[in-house]
Amino acid sequence: MSRYSAYIACVVLAVLSLALGLRTSGWWWGVAVFGALAALGTLDLLQRRSTLRRNYPLLAHFRYGLESIRPEIRQYFIEDNLAEVPFSREKRALVYQRAKNERDTVPFGSEHDPYSVHYEWINHSLVPVHVDSHDFRVLVGGNGSAPYDASVFNISAMSFGSLSANAIRALNAGARRGGFYHDTGEGSISTYHREHGGDLVWEIGSGYFGCRDEAGRFSEERFVVNARDPQVRMIELKLSQGAKPGHGGMLPAAKVTAEIAAARGVPQGVDCVSPAAHPAFSTPVGLLEFIARLRELSGGKPTGFKLAIGHPWEWFSVAKAMQETGVLPDFIVVDGAEGGTGASPSEFINHVGLPMHEALMLVHNTLVGLGLRDRVRLAGAGRIASAFDIARTIAMGADWCNAGRGFMFALGCIQSRTCHSDHCPTGVATQDPRRWRTLDVEDKAARVANFHGNTLRALRDLIGAAGLEHPSQLGPEHILRRVSPTEVRSLSALYRFLEPGELLDRVPEHAVFRAFWQMASADTFAPPERVMEMRRSKLL
């Protein structure tokens, strides 16, 4: 009977309060409170959807209540400063401090254990260098007619629709102040992207939003209108993203507002479908021809693609197509599986795609091995928020870095992890005007610019301490990692880095290249015959 004790007590107290209330008005509060609880308990007993509520009337609601605030209790009172779930409190605090121009120094020593496995650091020099400027730049599309001098730290792809109107406004205004670019995400260019005139990288996904005809096919005419806007500095074709690689998407009709419909070029109030694959091409050569066509139509602006690495033979097929056709993208953005600013299916966010470090090194190694690395710029994206994150990523092969969630923190995101619910408490990832209108654009734009500038100042000091003058001088030999309590390795010793041109005359002693390089074809993304044989063996 203890399971029903709370319910029975409320029924008894409700009856008692009613009896006393008939004699004196001071007991009607008891009738209201205990009567409501007794009614709720009765509903628990009568309903059939929840066994827990039938077995524990009233008491079950305490369990649900505690469960609902568990993430907040854990985040604010239990979670360790260094626990990455997915960003540690230490890293979030660093972004907040830099965004607010507050002191970011650490007292009394590091909380990191330098003798723990996976601890990383950058070696310093006995002859450090004083670097005057923190405005580090990378020239993209230097052989074209409209090259772009990109910052080494930029805003990663986040669409209007995923982010609120005021979040987009603040990001773009901050990008303009700080002199770095703002990737539109595949939701195309909204009016909010244009208000402040910050540099844009226009990301085009498989739905061709902003450049599609009524049937959803790519439209050259509509592409030209956006691509030749002076605010658009580069064109990025999205093949896949780290949060949900190989997965399409659908924005339900109820969320396709007039503003989103206008930006994407889709009907208002109709399901907006983004296919998993691009309908405009079906082969590696076709992909490169499409990239070349986009570059031509844009007036020669740097044009590249973003991908999360999955099947290695598919990337090798693209690389072989570059080698055989001579058609090259101006840049490639490598998105790691640890990336993802919005909501994704659990299996995809947790178990699909190659993490950024290995993905970036595979792309970098392939281009080096083909002798193409100096002609194609590389960017890395995936859980980047600090100057050391940038330094390590560049040391592993990138020319610059993009960050999504880091800049969301600068906007005021508190990692409540309610991006998918439209109930974002800070107005960043919601389309509810009652929430996003409270996000002050001017204040948050300043924070976005501050975060960018202060992070690059920290990067300047970091590379100066290493005896370098520009992040491009960073290599895998500069970053060390503890691999056991008694062993330390540099990244250059941990990983196999190819020599320039090594793939042109032989297959290197590298497991992935030995398994798939020779089998990959520039004419198809299809699995090589060896893979198909293994699949067929299951049917025997």
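Both backbone and side-chain heavy atoms feed into the values below; hydrogens, waters and symmetry mates do not.
Looking only at side-chain heavy atoms (C-beta outward), Asp135 and Leu456 stay at 4.5 Å or farther from each other. Inter-residue side-chain proximity for Arg383 and Arg405 is flagged as met; some heavy-atom pair is nearer than 4.5 Å. The shortest distance between side-chain heavy atoms of Ile235 and Arg295 does not fall below 4.5 Å. Here the side chains of Met519 and Phe316 are not in contact, with every heavy-atom distance at 4.5 Å or above. Put simply, the side chain of Val333 does not reach to within 4.5 Å of the side chain of Leu307, judged on heavy atoms. Side-chain contact between Thr455 and Ile390: present, with at least one pair of heavy atoms (C-beta onward) separated by less than 4.5 Å. Looking at Leu494 and Val483, their side chains come closer than 4.5 Å, going by heavy atoms from C-beta outward. No side-chain heavy atom of Cys401 sits less than 4.5 Å from a side-chain heavy atom of Asn154.
Of the charged side-chain nitrogens involved, none lies within less than 4.0 Å of a carboxylate oxygen, so that Arg222 and Asp213 do not count as a salt-bridged pair. Salt-bridge check for Glu296 with Arg293: passed, with a basic side-chain N closer than 4.0 Å to an acidic carboxylate O. Using a 4.0 Å cut-off between charged nitrogen and carboxylate oxygen, Arg194 and Asp229 count as a salt-bridge pair. Between Arg481 and Glu120 there is a salt bridge, since at least one side-chain N of the basic residue sits less than 4.0 Å from a carboxylate O of the acidic one. Here Lys306 does not pair with Asp183 in a salt bridge; the nearest charged N to carboxylate O distance is not below 4.0 Å. Look at Asp399 and Arg377 and you find a salt bridge, because one of the NZ, NE, NH1 or NH2 atoms lies within 4.0 Å of a carboxylate O, short of that distance. Using a 4.0 Å cut-off between charged nitrogen and carboxylate oxygen, Arg489 and Glu487 count as a salt-bridge pair.
The two residues Ala398 and Arg373 come nearest to each other via the heavy atoms C-NH2, 4.2 Å. Heavy atoms only, all atoms of each residue included: Asn365 and Phe497 are closest at OD1-CA, 3.3 Å. Counting all heavy atoms, side chain and backbone alike, Leu411 lies closest to Val448 at CD2-CG2, 3.7 Å. When all heavy atoms of Thr393 and Gly380 are compared, the closest pair comes out as CG2-CA, 4.2 Å. Closest of all the heavy-atom pairs between Ile291 and Thr303 is O-CG2, 3.8 Å. The two atoms that bring Val256 and Ala261 nearest to each other are CG1-CB, 4.1 Å, heavy atoms only.
Side-chain atoms of Ser317 do not come within 3.5 Å of backbone N or O of Ala522 as any donor-acceptor pair. Under the 3.5 Å distance criterion, the side-chain polar atoms of His193 are left unmatched by any main-chain donor or acceptor of Asn172. Side chain of Ser145 to backbone of Gly299: a donor-acceptor contact under 3.5 angstrom is found. In terms of modelled atom types and a separation under 3.5 Å, the side chain of Thr283 and the main chain of Phe281 share no donor-acceptor contact. Looking at Arg212, its side chain does come within 3.5 Å of a backbone N or O of Gly207 through a donor-acceptor pair. Checked by atom type and distance alone, the side chain of Ser240 pairs as donor or acceptor with a backbone atom of Ala308 at under 3.5 Å. Side-chain atoms of Thr184 come within 3.5 Å of backbone atoms of Glu203 as a donor-acceptor pair (strictly under, hydrogens ignored). A donor-acceptor contact shorter than 3.5 Å is absent between the side chain of Arg98 and the backbone of Ala410. The main-chain N or O of Glu469 is found under 3.5 Å from a side-chain atom of Gln473 such that the two form a donor-acceptor pair.
A donor and an acceptor atom, one from each side chain of Glu186 and Ser274, are located under 3.5 Å apart. Checked by atom type, the side-chain pair Ser151/Trp400 shows no donor-acceptor distance below 3.5 Å. Residues Arg169 and Asn166 bring a donor and an acceptor atom of their side chains to less than 3.5 Å of each other. A donor-acceptor contact closer than 3.5 angstrom links the side chains of Asp132 and His130. There is no side-chain donor-acceptor pair under 3.5 Å between His478 and Asn123.
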### Message
Test side-chain contact (heavy atoms from CB on, under 4.5 Å) on Glu221 and Val224; report intermediate values, then the result.
### Response
CA-CA 5 Å; Glu221 294 76 14; Val224 169; over 6 Å; no
#### Entry: side-chain contact (heavy atoms from CB on, under 4.5 Å) assessment of Met396 paired with Leu491
CA-CA 8 Å; Met396 299 177 87; Leu491 297 187; 3.6 Å; yes
### Task
Test Asp330 against Lys301 for salt bridge (Lys or Arg N to Asp or Glu O under 4.0 Å), laying out the working first.
CA-CA 9 Å; Asp330 293 297; Lys301 293 181 179 180; over 6 Å; no
### Message
Checking Val318 against Glu314 for the side-chain contact (heavy atoms from CB on, under 4.5 Å) test, could you report, in this order, the C-alpha distance in whole Å, the side-chain angles of both residues, the deciding distance, and whether it holds?
### Response
CA-CA 7 Å; Val318 175; Glu314 293 179 348; over 6 Å; no
### Message
Assess the residue pair Arg482 and His118 against the criterion (side-chain contact (heavy atoms from CB on, under 4.5 Å)); give the C-alpha distance rounded to whole Å, side-chain angles, the decisive distance to 0.1 Å, and a yes or no.
### Response
CA-CA 5 Å; Arg482 182 172 293 281; His118 305 309; over 6 Å; no
### Message
What verdict does the salt bridge (Lys or Arg N to Asp or Glu O under 4.0 Å) test give for Arg233 and Asp199, after you've listed the backbone C-alpha separation in whole Å, the side-chain angles of each residue and the deciding distance to 0.1 Å?
### Response
CA-CA 6 Å; Arg233 307 305 299 270; Asp199 288 351; 3.4 Å; yes
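Ring centroid separation for the pair Phe136 and Phe180 does not come in under the 6.0 Å cut-off.
Here the CE atom belonging to Met356 is positioned 13.0 Å from the CD1 atom belonging to Ile309, to the nearest 0.5 angstrom. Atom CD1 of Ile463 and atom CD1 of Ile394 lie 8.5 Å apart (nearest 0.5 Å). Atom CZ in Arg176 sits 15.5 Å away from atom CG in Leu171 (nearest 0.5 Å). Here the straight-line distance linking atom CD of Glu220 with atom CG of Leu294 works out to 8.5 Å at 0.5 Å rounding. Atom CG of Leu367 and atom CG of Asp374 lie 10.0 Å apart (nearest 0.5 Å). We find the CG-NE2 distance between Leu354 and His311 to be 12.0 Å, quoted to the nearest 0.5 Å.
Between Tyr181 and Tyr148, the ring planes are tilted. Angles from 30° to 60° get that label.
Annotation: ring pair (Phe, Tyr, Trp, His ring centres under 6.0 Å) contacts involving residues 199-230, sequence neighbours excluded, comprise Trp202-Phe223, Tyr208-Phe218, Tyr208-His278, Phe218-Phe223, Phe218-Phe290.
For the pair Lys320 and Trp517, the cation-pi test (distance below 6.0 Å, angle within 45°) is passed.
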Pair up each side-chain donor or acceptor in residues 499-507 with any protein partner under 3.5 Å, not counting sequence neighbours, and list the distances.
residue	atom	partner	partner atom	Å
Glu502	OE1	Glu499	N	2.8
Glu502	OE2	Arg496	NH2	2.5

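Put simply, the residue from Phe525, Phe516, Phe513 that forms a ring-ring contact (aromatic ring centres under 6.0 Å, His included) with Trp313 is Phe516.
Atom CD of Gln518 is surrounded by 12 or fewer heavy atoms from other residues, nucleotides or ligands within 6.0 Å.
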